[in-house]
J.: 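Below you'll find the structure I mean.
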Amino acid sequence: MAAPVLRGVRESLRRVGLTTAPRRHRHKKKWATTEPKFPATRLALQSFDMTYSIQFGDLWPSIRVSLLSEQKYGALVNNFASWHHVIAELEQLSAKDFVNEAFCHWKLESNNRQLAALAPASWTYSPNLRCFTFAKGDVSRFPRARLGSLGILDYYLMDASSLLPVLALGLQPGDTVLDLCAAPGGKTLALLQTGCCANLAANDVSTSRTGRLQKVLHSYVPQDIRDKNRVRVTSWDGRKWGELEGDTYDRVLVDVPCTTDRHSLHEEENNIFKRSRKKERQMLPLLQVQLLAAGLLATKPGGHVVYSTCSLSQLQNEYVVQGAIELLANQYSIEVQIEDLTGFRNLFMDTFFFFPSCQVGELVIPNLMANFGPMYFCKLHRLT
(Lines give C-alpha, C1' and ligand atoms only; values in the text may rest on other atoms or scores of the structure.)
Protein backbone atom coordinates (compact mmCIF):
# COMPACT_ATOMS: atom_id res chain seq x y z
CA MET A 1 0.00 0.00 0.00
CA ALA A 2 2.78 2.46 0.92
CA ALA A 3 4.65 2.25 -2.41
CA PRO A 4 1.89 3.56 -4.73
CA VAL A 5 0.91 6.18 -2.16
CA LEU A 6 4.52 7.38 -1.86
CA ARG A 7 4.80 7.61 -5.65
CA GLY A 8 1.61 9.67 -5.75
CA VAL A 9 2.85 12.05 -3.06
CA ARG A 10 6.19 12.44 -4.83
CA GLU A 11 4.36 13.23 -8.06
CA SER A 12 2.28 15.88 -6.25
CA LEU A 13 5.44 17.37 -4.77
CA ARG A 14 7.06 17.39 -8.20
CA ARG A 15 4.10 19.29 -9.69
CA VAL A 16 4.45 22.09 -7.17
CA GLY A 17 8.24 22.22 -7.42
CA LEU A 18 9.08 20.66 -4.03
CA THR A 19 11.06 17.66 -5.26
CA THR A 20 14.24 16.78 -3.41
CA ALA A 21 17.66 16.76 -5.05
CA PRO A 22 19.13 13.45 -6.29
CA ARG A 23 21.18 11.72 -3.61
CA ARG A 24 24.47 12.37 -5.42
CA HIS A 25 23.83 16.12 -5.30
CA ARG A 26 22.99 16.27 -1.60
CA HIS A 27 25.34 17.45 1.10
CA LYS A 28 24.89 17.49 4.84
CA LYS A 29 24.71 21.01 6.24
CA LYS A 30 26.28 21.84 9.56
CA TRP A 31 23.54 23.93 11.09
CA ALA A 32 25.47 24.88 14.22
CA THR A 33 28.28 26.58 12.29
CA THR A 34 26.89 27.56 8.92
CA GLU A 35 23.23 28.54 9.43
CA PRO A 36 21.51 30.94 11.82
CA LYS A 37 19.15 29.32 14.30
CA PHE A 38 15.71 30.70 13.55
CA PRO A 39 12.78 29.85 15.82
CA ALA A 40 10.33 27.32 14.40
CA THR A 41 7.57 29.95 14.29
CA ARG A 42 9.69 32.07 11.94
CA LEU A 43 10.52 29.06 9.76
CA ALA A 44 6.78 28.31 9.54
CA LEU A 45 6.01 31.85 8.40
CA GLN A 46 8.77 31.73 5.77
CA SER A 47 7.37 28.43 4.46
CA PHE A 48 3.82 29.77 4.37
CA ASP A 49 4.90 32.95 2.59
CA MET A 50 6.54 30.89 -0.15
CA THR A 51 3.73 28.39 -0.72
CA TYR A 52 0.52 30.17 0.26
CA SER A 53 1.31 33.38 -1.61
CA ILE A 54 1.18 31.24 -4.77
CA GLN A 55 -1.84 29.17 -3.69
CA PHE A 56 -4.00 32.10 -2.52
CA GLY A 57 -2.61 35.03 -4.52
CA ASP A 58 -4.18 38.35 -3.49
CA LEU A 59 -5.99 36.70 -0.56
CA TRP A 60 -2.75 35.70 1.19
CA PRO A 61 -1.93 39.08 2.87
CA SER A 62 -5.37 39.09 4.54
CA ILE A 63 -5.09 35.44 5.59
CA ARG A 64 -1.52 36.03 6.82
CA VAL A 65 -2.35 38.93 9.13
CA SER A 66 -5.37 37.00 10.45
CA LEU A 67 -3.27 33.94 11.25
CA LEU A 68 -0.86 36.15 13.17
CA SER A 69 -3.71 37.80 15.12
CA GLU A 70 -5.74 36.54 18.06
CA GLN A 71 -7.95 33.57 17.24
CA LYS A 72 -11.71 33.69 17.72
CA TYR A 73 -13.55 31.00 19.67
CA GLY A 74 -17.00 29.49 19.95
CA ALA A 75 -18.69 27.96 23.00
CA LEU A 76 -20.01 24.44 22.41
CA VAL A 77 -22.89 23.90 24.85
CA ASN A 78 -22.56 20.74 26.92
CA ASN A 79 -25.87 18.91 26.51
CA PHE A 80 -25.01 16.71 29.50
CA ALA A 81 -25.09 19.80 31.74
CA SER A 82 -28.05 22.08 32.58
CA TRP A 83 -28.01 23.40 29.05
CA HIS A 84 -31.11 25.62 29.30
CA HIS A 85 -29.35 27.66 31.96
CA VAL A 86 -26.10 27.71 29.94
CA ILE A 87 -27.88 28.98 26.81
CA ALA A 88 -29.53 31.79 28.78
CA GLU A 89 -26.13 32.90 30.12
CA LEU A 90 -24.51 32.86 26.68
CA GLU A 91 -27.38 34.83 25.18
CA GLN A 92 -26.91 37.48 27.86
CA LEU A 93 -23.38 37.96 26.44
CA SER A 94 -25.01 38.81 23.04
CA ALA A 95 -23.62 35.60 21.54
CA LYS A 96 -25.73 33.60 19.10
CA ASP A 97 -26.05 29.89 18.34
CA PHE A 98 -24.66 29.90 14.80
CA VAL A 99 -25.80 26.31 14.12
CA ASN A 100 -29.44 26.86 15.09
CA GLU A 101 -29.58 30.21 13.29
CA ALA A 102 -28.19 28.74 10.07
CA PHE A 103 -30.64 25.85 9.92
CA CYS A 104 -33.64 27.94 10.96
CA HIS A 105 -32.81 30.36 8.16
CA TRP A 106 -32.42 27.50 5.67
CA LYS A 107 -35.75 25.90 6.70
CA LEU A 108 -37.53 29.23 6.34
CA GLU A 109 -36.11 29.75 2.86
CA SER A 110 -36.87 26.14 1.93
CA ASN A 111 -40.51 26.56 2.91
CA ASN A 112 -40.79 29.82 1.02
CA ARG A 113 -39.26 28.35 -2.11
CA GLN A 114 -40.74 24.87 -1.67
CA LEU A 115 -37.24 23.37 -1.85
CA ALA A 116 -37.29 21.29 1.33
CA ALA A 117 -37.98 18.02 -0.50
CA LEU A 118 -35.18 18.72 -2.98
CA ALA A 119 -32.35 19.08 -0.44
CA PRO A 120 -29.46 16.74 -1.38
CA ALA A 121 -28.36 13.98 0.99
CA SER A 122 -25.07 15.79 1.63
CA TRP A 123 -27.05 18.51 3.46
CA THR A 124 -27.87 16.00 6.21
CA TYR A 125 -26.27 17.34 9.37
CA SER A 126 -25.50 16.00 12.82
CA PRO A 127 -28.30 17.08 15.21
CA ASN A 128 -28.41 18.57 18.71
CA LEU A 129 -25.26 20.67 18.43
CA ARG A 130 -25.39 24.15 19.93
CA CYS A 131 -22.40 26.43 19.50
CA PHE A 132 -22.42 30.13 20.35
CA THR A 133 -20.24 32.72 18.63
CA PHE A 134 -20.02 36.48 18.59
CA ALA A 135 -21.01 38.29 15.40
CA LYS A 136 -18.53 39.10 12.64
CA GLY A 137 -16.37 42.00 13.74
CA ASP A 138 -17.13 41.42 17.44
CA VAL A 139 -13.88 40.43 19.19
CA SER A 140 -15.49 39.73 22.58
CA ARG A 141 -14.21 36.70 24.46
CA PHE A 142 -16.11 34.05 26.37
CA PRO A 143 -15.33 33.60 30.07
CA ARG A 144 -13.87 30.29 31.15
CA ALA A 145 -16.42 27.52 31.60
CA ARG A 146 -17.57 26.78 35.15
CA LEU A 147 -18.56 23.56 36.86
CA GLY A 148 -22.33 23.20 36.79
CA SER A 149 -24.67 21.67 39.31
CA LEU A 150 -24.04 18.19 37.85
CA GLY A 151 -20.29 18.42 38.45
CA ILE A 152 -19.33 18.85 34.78
CA LEU A 153 -18.33 21.92 32.79
CA ASP A 154 -21.06 23.96 31.09
CA TYR A 155 -19.44 24.55 27.69
CA TYR A 156 -16.30 23.80 25.72
CA LEU A 157 -14.32 26.62 24.10
CA MET A 158 -13.09 25.71 20.61
CA ASP A 159 -12.47 27.19 17.20
CA ALA A 160 -16.08 27.19 15.98
CA SER A 161 -14.99 26.07 12.50
CA SER A 162 -13.82 22.81 14.10
CA LEU A 163 -17.49 21.92 14.53
CA LEU A 164 -18.14 21.94 10.77
CA PRO A 165 -16.58 18.49 10.08
CA VAL A 166 -18.78 16.98 12.81
CA LEU A 167 -21.88 18.71 11.44
CA ALA A 168 -21.06 17.59 7.90
CA LEU A 169 -20.61 13.96 9.01
CA GLY A 170 -24.40 13.77 9.33
CA LEU A 171 -24.77 11.42 12.28
CA GLN A 172 -28.07 9.59 12.66
CA PRO A 173 -29.49 7.90 15.79
CA GLY A 174 -27.92 4.50 16.42
CA ASP A 175 -24.78 5.09 14.34
CA THR A 176 -21.53 3.32 15.13
CA VAL A 177 -18.85 6.00 14.93
CA LEU A 178 -15.06 6.09 14.74
CA ASP A 179 -12.96 9.16 15.51
CA LEU A 180 -9.64 7.93 14.11
CA CYS A 181 -7.37 10.76 15.32
CA ALA A 182 -9.40 11.93 18.30
CA ALA A 183 -7.08 13.91 20.60
CA PRO A 184 -7.20 16.46 22.10
CA GLY A 185 -10.95 15.73 22.18
CA GLY A 186 -13.06 18.68 21.00
CA LYS A 187 -14.54 16.86 18.01
CA THR A 188 -14.99 13.65 20.05
CA LEU A 189 -16.98 15.64 22.58
CA ALA A 190 -19.07 17.16 19.78
CA LEU A 191 -19.81 13.68 18.40
CA LEU A 192 -21.13 12.65 21.81
CA GLN A 193 -23.23 15.82 22.08
CA THR A 194 -25.30 14.70 19.07
CA GLY A 195 -26.80 11.86 21.11
CA CYS A 196 -26.57 9.63 18.03
CA CYS A 197 -23.62 7.39 18.90
CA ALA A 198 -24.66 3.84 19.76
CA ASN A 199 -20.93 3.22 20.10
CA LEU A 200 -18.02 5.62 19.68
CA ALA A 201 -14.42 4.53 19.21
CA ALA A 202 -12.02 7.41 19.94
CA ASN A 203 -8.46 6.65 18.92
CA ASP A 204 -5.14 8.48 18.87
CA VAL A 205 -1.73 6.90 18.36
CA SER A 206 -0.18 9.13 21.04
CA THR A 207 -0.76 7.92 24.60
CA SER A 208 0.00 11.39 25.99
CA ARG A 209 -2.64 12.90 23.69
CA THR A 210 -5.20 10.24 24.64
CA GLY A 211 -4.54 11.32 28.22
CA ARG A 212 -5.73 14.81 27.25
CA LEU A 213 -8.74 13.23 25.53
CA GLN A 214 -9.64 11.31 28.68
CA LYS A 215 -9.39 14.52 30.70
CA VAL A 216 -11.87 16.24 28.35
CA LEU A 217 -14.30 13.34 28.61
CA HIS A 218 -14.08 13.30 32.43
CA SER A 219 -14.68 17.08 32.54
CA TYR A 220 -17.71 17.12 30.25
CA VAL A 221 -19.35 13.67 30.12
CA PRO A 222 -21.13 12.02 33.09
CA GLN A 223 -19.58 8.81 34.34
CA ASP A 224 -22.65 6.70 33.60
CA ILE A 225 -22.42 7.67 29.91
CA ARG A 226 -18.72 6.79 29.82
CA ASP A 227 -19.32 3.52 31.66
CA LYS A 228 -21.99 2.16 29.28
CA ASN A 229 -19.37 1.12 26.72
CA ARG A 230 -20.58 3.93 24.51
CA VAL A 231 -17.07 5.41 24.44
CA ARG A 232 -13.96 3.31 23.82
CA VAL A 233 -10.62 5.14 23.95
CA THR A 234 -7.61 3.46 22.31
CA SER A 235 -4.03 4.31 21.29
CA TRP A 236 -3.55 2.22 18.18
CA ASP A 237 -1.81 3.03 14.91
CA GLY A 238 -4.69 4.49 12.90
CA ARG A 239 -3.10 3.43 9.60
CA LYS A 240 -3.93 -0.19 10.46
CA TRP A 241 -7.58 0.36 11.36
CA GLY A 242 -8.85 -1.02 8.08
CA GLU A 243 -7.19 -4.33 8.95
CA LEU A 244 -8.35 -4.27 12.58
CA GLU A 245 -12.02 -3.35 12.04
CA GLY A 246 -12.80 -3.26 8.34
CA ASP A 247 -16.36 -2.56 7.10
CA THR A 248 -17.52 -1.78 10.64
CA TYR A 249 -18.61 1.86 11.09
CA ASP A 250 -21.51 3.95 9.79
CA ARG A 251 -19.61 7.23 10.20
CA VAL A 252 -15.87 7.90 10.46
CA LEU A 253 -14.12 11.18 11.24
CA VAL A 254 -10.50 11.40 10.04
CA ASP A 255 -9.09 14.61 11.52
CA VAL A 256 -5.47 13.95 10.64
CA PRO A 257 -2.20 15.29 12.06
CA CYS A 258 -1.12 18.25 9.92
CA THR A 259 1.05 21.36 9.99
CA THR A 260 -1.51 23.01 12.32
CA ASP A 261 -0.83 26.33 10.62
CA ARG A 262 -2.04 28.70 13.32
CA HIS A 263 -0.30 26.82 16.13
CA SER A 264 2.93 26.72 14.10
CA LEU A 265 2.98 30.51 13.90
CA HIS A 266 2.48 31.08 17.62
CA GLU A 267 3.97 28.23 19.65
CA GLU A 268 7.51 26.85 19.75
CA GLU A 269 6.47 23.83 21.80
CA ASN A 270 5.65 20.78 19.66
CA ASN A 271 6.15 22.86 16.50
CA ILE A 272 6.45 20.69 13.39
CA PHE A 273 8.63 23.33 11.71
CA LYS A 274 11.53 22.64 14.06
CA ARG A 275 14.56 21.58 12.02
CA SER A 276 14.65 18.25 13.84
CA ARG A 277 11.15 17.46 12.50
CA LYS A 278 11.78 18.29 8.84
CA LYS A 279 11.55 14.66 7.70
CA GLU A 280 8.31 14.18 9.66
CA ARG A 281 6.84 17.28 8.03
CA GLN A 282 7.77 16.14 4.54
CA MET A 283 6.11 12.77 5.12
CA LEU A 284 2.82 14.25 6.36
CA PRO A 285 0.91 13.86 3.05
CA LEU A 286 1.81 10.17 2.92
CA LEU A 287 0.67 9.65 6.52
CA GLN A 288 -2.55 11.53 5.80
CA VAL A 289 -3.35 9.41 2.74
CA GLN A 290 -2.73 6.24 4.75
CA LEU A 291 -5.00 7.41 7.59
CA LEU A 292 -7.82 8.46 5.25
CA ALA A 293 -7.56 5.16 3.36
CA ALA A 294 -7.74 3.26 6.67
CA GLY A 295 -10.80 5.28 7.70
CA LEU A 296 -12.54 4.47 4.43
CA LEU A 297 -11.70 0.78 4.80
CA ALA A 298 -13.15 0.81 8.33
CA THR A 299 -16.42 2.27 7.00
CA LYS A 300 -19.31 0.04 5.98
CA PRO A 301 -20.25 0.15 2.28
CA GLY A 302 -22.80 2.95 2.13
CA GLY A 303 -21.22 4.75 5.09
CA HIS A 304 -19.67 8.21 5.20
CA VAL A 305 -16.28 9.65 6.10
CA VAL A 306 -15.28 13.25 6.74
CA TYR A 307 -11.61 14.12 6.25
CA SER A 308 -10.37 17.29 7.94
CA THR A 309 -7.23 19.30 8.74
CA CYS A 310 -6.42 22.67 10.28
CA SER A 311 -4.03 23.47 7.43
CA LEU A 312 -4.36 25.65 4.33
CA SER A 313 -2.10 23.37 2.28
CA GLN A 314 -3.44 21.80 -0.91
CA LEU A 315 -0.88 19.02 -0.47
CA GLN A 316 -2.51 18.09 2.84
CA ASN A 317 -6.09 18.71 1.73
CA GLU A 318 -7.30 18.18 -1.86
CA TYR A 319 -4.31 16.10 -2.97
CA VAL A 320 -4.70 13.74 -0.01
CA VAL A 321 -8.41 13.17 -0.73
CA GLN A 322 -7.74 12.47 -4.39
CA GLY A 323 -4.79 10.21 -3.53
CA ALA A 324 -6.81 8.10 -1.08
CA ILE A 325 -9.70 7.68 -3.55
CA GLU A 326 -7.28 6.51 -6.26
CA LEU A 327 -5.59 4.15 -3.79
CA LEU A 328 -8.83 2.45 -2.78
CA ALA A 329 -9.92 2.13 -6.40
CA ASN A 330 -6.62 0.65 -7.57
CA GLN A 331 -5.67 -1.53 -4.60
CA TYR A 332 -9.07 -2.61 -3.24
CA SER A 333 -11.55 -1.99 -6.09
CA ILE A 334 -13.57 0.19 -3.69
CA GLU A 335 -15.50 3.10 -5.18
CA VAL A 336 -15.65 6.33 -3.17
CA GLN A 337 -17.66 9.40 -4.09
CA ILE A 338 -16.99 12.97 -3.00
CA GLU A 339 -20.12 14.67 -1.64
CA ASP A 340 -21.01 18.17 -2.80
CA LEU A 341 -21.01 20.49 0.23
CA THR A 342 -21.90 23.70 -1.61
CA GLY A 343 -25.30 23.94 0.08
CA PHE A 344 -23.76 23.13 3.45
CA ARG A 345 -21.16 25.88 2.96
CA ASN A 346 -23.83 28.40 2.05
CA LEU A 347 -25.58 27.79 5.37
CA PHE A 348 -22.63 29.15 7.32
CA MET A 349 -21.49 32.07 5.17
CA ASP A 350 -22.77 34.50 7.82
CA THR A 351 -20.34 33.07 10.39
CA PHE A 352 -17.23 31.99 8.44
CA PHE A 353 -15.22 33.02 5.41
CA PHE A 354 -14.73 30.21 2.87
CA PHE A 355 -12.08 29.97 0.18
CA PRO A 356 -14.07 30.20 -3.08
CA SER A 357 -11.77 28.08 -5.26
CA CYS A 358 -11.46 24.69 -3.52
CA GLN A 359 -11.31 21.91 -6.11
CA VAL A 360 -12.47 19.33 -3.56
CA GLY A 361 -14.12 19.90 -0.19
CA GLU A 362 -14.47 23.21 1.69
CA LEU A 363 -11.91 25.44 3.40
CA VAL A 364 -12.57 28.02 6.12
CA ILE A 365 -9.95 30.77 5.83
CA PRO A 366 -9.02 33.16 8.65
CA ASN A 367 -10.28 36.72 8.33
CA LEU A 368 -9.99 39.53 10.86
CA MET A 369 -13.78 39.96 10.83
CA ALA A 370 -14.27 36.29 11.75
CA ASN A 371 -10.90 34.90 12.80
CA PHE A 372 -11.72 31.20 12.77
CA GLY A 373 -9.77 28.47 11.03
CA PRO A 374 -8.08 27.38 8.97
CA MET A 375 -10.32 24.34 8.72
CA TYR A 376 -10.51 22.07 5.69
CA PHE A 377 -13.14 19.32 5.46
CA CYS A 378 -14.35 16.97 2.75
CA LYS A 379 -17.21 14.45 2.95
CA LEU A 380 -16.79 11.08 1.26
CA HIS A 381 -19.36 8.37 0.57
CA ARG A 382 -18.13 4.80 0.33
CA LEU A 383 -20.25 3.20 -2.37
CA THR A 384 -18.84 -0.36 -2.44
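Computed from heavy atoms alone, side chains included, the values below leave out hydrogens, waters and symmetry copies. This chain uses plain numbering: 1 for the first residue, then up along the sequence.
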J.: Evaluate the criterion side-chain contact (heavy atoms from CB on, under 4.5 Å) for residue pair Val336 and Leu383; output intermediate values, then yes/no.
T.: CA-CA 6 Å; Val336 177; Leu383 300 178; over 6 Å; no

J.: What do the steps show when you test Leu90 against Val77 for side-chain contact (heavy atoms from CB on, under 4.5 Å), and what is the final call?
T.: CA-CA 9 Å; Leu90 293 173; Val77 175; 3.9 Å; yes

J.: The test is side-chain contact (heavy atoms from CB on, under 4.5 Å); show your working for Leu76 and Phe132 and say whether it passes.
T.: CA-CA 7 Å; Leu76 175 66; Phe132 282 74; over 6 Å; no

J.: Do the side-chain N and O atoms of Asp159 and Ser161 include a donor-acceptor pair separated by under 3.5 angstrom?
T.: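 Looking only at side-chain atoms, Ser161 and Asp159 do form a donor-acceptor pair, the distance falling under 3.5 Å.
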
J.: Looking only at heavy atoms, which two atoms of Gln316 and Gln288 are closest? And how far apart?
T.: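 That would be OE1-NE2, 3.1 Å.
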
J.: Pro257 and Leu287: which non-hydrogen atoms are nearest, and at how many Å?
T.: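 Shortest heavy-atom separation between Pro257 and Leu287 comes out as CG-CD2, 4.3 Å.
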
J.: Using the benzene-type ring in the case of Trp, are the ring centres of Tyr125 and Phe103 under 6.0 Å apart?
T.: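 For Tyr125 and Phe103, the ring centres are under 6.0 Å apart.
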
J.: Can Leu368 and Ser62 be said to form a side-chain contact (heavy atoms from CB on, under 4.5 Å), step by step?
T.: CA-CA 8 Å; Leu368 287 178; Ser62 170; over 6 Å; no

J.: To the nearest 0.5 Å, how far apart are CD in Glu362 and CG in Asn317?
T.: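 It is 12.0 Å, given to the nearest 0.5 Å.
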
J.: If hydrophobic clusters are built from ILVMFWY residues whose side chains come within less than 4.5 Å, do Leu244 and Tyr332 share one?
T.: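 Yes; tracing contacts between hydrophobic side chains, which count when under 4.5 Å, links both residues.
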
J.: Provide the full list of ring-ring contact (aromatic ring centres under 6.0 Å, His included) pairs with a residue in residues 261-281, sequence neighbours left out, each pair given once.
T.: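 Qualifying pairs: Phe48-Phe273.
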
J.: Can you tell me how far apart CD1 (Ile63) and CG (Leu68) are? Round to the nearest 0.5 Å.
T.: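 Those atoms lie 12.0 Å apart.
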
J.: Side-chain heavy atoms under 4.5 angstrom apart, residues restricted to Ile, Leu, Val, Met, Phe, Trp, Tyr: same cluster for Leu129 and Tyr73?
T.: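 As far as the 4.5 Å side-chain criterion goes, Tyr73 and Leu129 are not connected within one cluster.
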
J.: Report the residues that fulfil side chain to side chain donor-acceptor pair (under 3.5 Å) with Glu245, sequence neighbours left out, ordered by chain and then residue number.
T.: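 Testing Glu245 for side chain to side chain donor-acceptor pair (under 3.5 Å), a comparison that skips the adjacent residues, returns Arg232, Trp241, Tyr249.
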
J.: Using ring pair (Phe, Tyr, Trp, His ring centres under 6.0 Å) as the criterion, list what pairs up with Phe354, not counting sequence neighbours.
T.: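 Once residues adjacent in sequence are excluded, Phe354 has no partner under the ring pair (Phe, Tyr, Trp, His ring centres under 6.0 Å) criterion.
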
J.: Measure across Phe372 and Gly74 and return the closest heavy-atom pair with its distance rounded to 0.1 Å.
T.: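 The answer is CE2-N, 4.4 Å.
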
J.: Just checking, is any N or O donor in the side chain of Ser66 or Asn371 under 3.5 Å from an acceptor N or O on the other one?
T.: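 No - no donor-acceptor pair under 3.5 Å links their side chains.
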
J.: So, do Phe80 and Tyr220 have ring centers that fall under 6.0 Å from each other?
T.: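 For Phe80 and Tyr220, the ring centres are not under 6.0 Å apart.
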
J.: For residues 181-198, dump all side-chain donor-acceptor pairs below 3.5 Å to protein atoms at least two apart in sequence or in another chain.
T.:
unit_1 : atom_1 : unit_2 : atom_2 : d
Lys187 : NZ     : Asp255 : OD2    : 3.3
Thr188 : OG1    : Asp179 : OD2    : 2.7
Gln193 : OE1    : Asn79  : N      : 2.5
Gln193 : NE2    : Asn78  : OD1    : 3.1
Thr194 : OG1    : Leu191 : O      : 2.7
Thr194 : OG1    : Cys196 : N      : 3.2

J.: How close do Phe344 and Ala168 get, heavy atom to heavy atom, and via which atoms?
T.: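 Looking at all heavy atoms of both residues, the closest pair is CZ-N, 3.6 Å.
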
J.: Could you state the interatomic distance from CD1 (Ile54) to CD (Gln314), rounded to the nearest 0.5 Å?
T.: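 Interatomic distance, Ile54 CD1 to Gln314 CD, rounded to 0.5 Å: 10.5 Å.
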
J.: Please examine the side chains of Lys379 and Val305, heavy atoms only from C-beta on, and report whether any two atoms are closer than 4.5 Å.
T.: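 A side-chain contact under 4.5 Å is absent here.
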
J.: Can you measure from OG1 (Thr133) to CD (Glu101) and round to the nearest 0.5 angstrom?
T.: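 Answer rounded to 0.5 Å: 8.0 Å.
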
J.: Heavy atoms, side chains only, cut-off 4.5 Å: are Ser308 and Val254 in contact?
T.: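 Ser308 does not reach Val254 side chain to side chain.
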
J.: Is the closest side-chain donor-acceptor distance between Ser311 and Ser313 under 3.5 Å?
T.: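 No pair is found: no donor N or O on one side chain lies under 3.5 Å from an acceptor on the other.
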
J.: Applying the 4.5 Å side-chain criterion to the ILVMFWY set and letting contacts propagate, would Met349 and Val99 be lumped into a single cluster?
T.: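 Yes, Met349 and Val99 fall within the same hydrophobic cluster.
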
J.: Regarding Glu268 and Thr41, is there a side-chain donor-to-acceptor distance under 3.5 Å anywhere?
T.: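 Yes.
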
J.: Taking side chain to side chain donor-acceptor pair (under 3.5 Å) as the definition, give me every residue that meets it alongside Glu280, ordered by chain and number, with sequence neighbours left out.
T.: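 So Glu280 forms a side chain to side chain donor-acceptor pair (under 3.5 Å) with Arg277.
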
J.: For the side chain of Thr342 and the backbone of Asp340, is there at least one donor-acceptor N/O pair under 3.5 Å apart?
T.: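 No; zero donor-acceptor contacts below 3.5 Å.
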
J.: With the threshold set at 4.0 Å, does a side-chain nitrogen-carboxylate oxygen contact exist between Arg130 and Asp97?
T.: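 Salt bridge between Arg130 and Asp97, a charged N being under 4.0 Å from a carboxylate O: no.
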
J.: Under the side chain to side chain donor-acceptor pair (under 3.5 Å) rule, collect the residues that match up with Ser235, sequence neighbours excluded.
T.: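 Checked Ser235 against side chain to side chain donor-acceptor pair (under 3.5 Å); matches are Thr210.
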
J.: Apply ring pair (Phe, Tyr, Trp, His ring centres under 6.0 Å) to Trp60 and list each qualifying residue two or more places apart in sequence or on a separate chain.
T.: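 Scan of Trp60 (ring pair (Phe, Tyr, Trp, His ring centres under 6.0 Å), adjacent residues dropped) gives Tyr52.
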
J.: To the nearest 0.5 Å, tell me how far Arg230 CZ sits from Leu200 CG.
T.: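 Between Arg230 CZ and Leu200 CG, I get 9.0 Å after rounding to 0.5 Å.
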
J.: Check Asp350 with Lys96, please: is the shortest side-chain N to carboxylate O separation under 4.0 Å?
T.: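 Result for this pair is no, no salt bridge flagged.
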
J.: At what distance, to the nearest 0.5 angstrom, does CD1 of Ile272 lie from OG1 of Thr259?
T.: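 One finds 7.0 Å between CD1 of Ile272 and OG1 of Thr259.
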
J.: Side-chain contact, heavy-atom cut-off 4.5 Å: Leu67 with Arg64?
T.: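 The answer is no, as the side chains (C-beta and beyond) never meet within the 4.5 Å cut-off.
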
J.: Suppose we screen for side chain to side chain donor-acceptor pair (under 3.5 Å). Which residues come up paired with Asn128, at least two apart in sequence or across chains?
T.: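 Asn128 satisfies side chain to side chain donor-acceptor pair (under 3.5 Å) with no other residue.
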
J.: So which atom in Arg382 and which in Ile334 form the shortest heavy-atom distance, rounded to 0.1 Å?
T.: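 Answer, listing the atom of Arg382 first, then Ile334: NH2-CD1, 3.6 Å.
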
J.: If the condition is ring pair (Phe, Tyr, Trp, His ring centres under 6.0 Å), which residues does Phe134 pass it with, not counting sequence neighbours?
T.: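 So Phe134 forms a ring pair (Phe, Tyr, Trp, His ring centres under 6.0 Å) with Phe142.
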
J.: Within a radius of less than 6.0 Å around CZ of Phe348, do more than 12 heavy atoms belonging to other residues, nucleotides or ligands occur?
T.: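 Yes.
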
J.: Is there a path of hydrophobic side-chain contacts, each under 4.5 Å between heavy atoms of I, L, V, M, F, W or Y residues, that connects Leu45 with Leu284?
T.: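 Both belong to a single hydrophobic cluster.
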
J.: Under the ring pair (Phe, Tyr, Trp, His ring centres under 6.0 Å) rule, collect the residues that match up with Tyr155, sequence neighbours excluded.
T.: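 Residues passing ring pair (Phe, Tyr, Trp, His ring centres under 6.0 Å) with Tyr155: none at all.
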
J.: What do the steps show when you test Glu89 against Arg146 for salt bridge (charged side-chain N to carboxylate O under 4.0 Å, His left out), and what is the final call?
T.: CA-CA 12 Å; Glu89 285 192 349; Arg146 301 192 307 266; 3.0 Å; yes

J.: Quick check: do Ile325 and Leu380 have side-chain heavy atoms less than 4.5 Å from each other?
T.: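 Yes. Closest side-chain heavy atoms under 4.5 Å.
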
J.: Looking only at heavy atoms, which two atoms of Ala145 and Leu153 are closest? And how far apart?
T.: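 Ala145 and Leu153 have their closest heavy atoms at O-CD2, 3.9 Å.
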
J.: Could you note down all residue pairs passing side chain to side chain donor-acceptor pair (under 3.5 Å) where residues 295-307 supplies at least one of them, sequence neighbours left out?
T.: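 Pairs touching residues 295-307 that pass the test: Asp250-Lys300.
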
J.: State whether Phe352 and Lys136 meet the cation-pi test: NZ (Lys) or CZ (Arg) under 6.0 Å from the six-membered ring centroid, and within 45° of the perpendicular axis.
T.: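 The answer is no, since Lys136 fails at least one limit relative to Phe352.
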
J.: Going by the salt bridge (Lys or Arg N to Asp or Glu O under 4.0 Å) test, which pairs reach into residues 304-324, not counting sequence neighbours?
T.: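 Of all non-adjacent pairs touching residues 304-324, none passes salt bridge (Lys or Arg N to Asp or Glu O under 4.0 Å).
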
J.: Are any of the side-chain heavy atoms of Ile365 and Leu363 separated by less than 4.5 Å?
T.: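 SC-SC contact between Ile365 and Leu363 confirmed.
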
J.: With clusters defined by side-chain heavy atoms of hydrophobic residues (ILVMFWY) lying less than 4.5 Å apart, directly or transitively, does Leu253 cluster with Val233?
T.: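 Linked within one cluster.
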
J.: If you measure from the Lys or Arg side-chain nitrogens to the Asp or Glu carboxylate oxygens, is any gap between Arg141 and Glu70 under 4.0 Å?
T.: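 Here Arg141 pairs with Glu70 in a salt bridge, since their nearest N and O are under 4.0 Å apart.
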
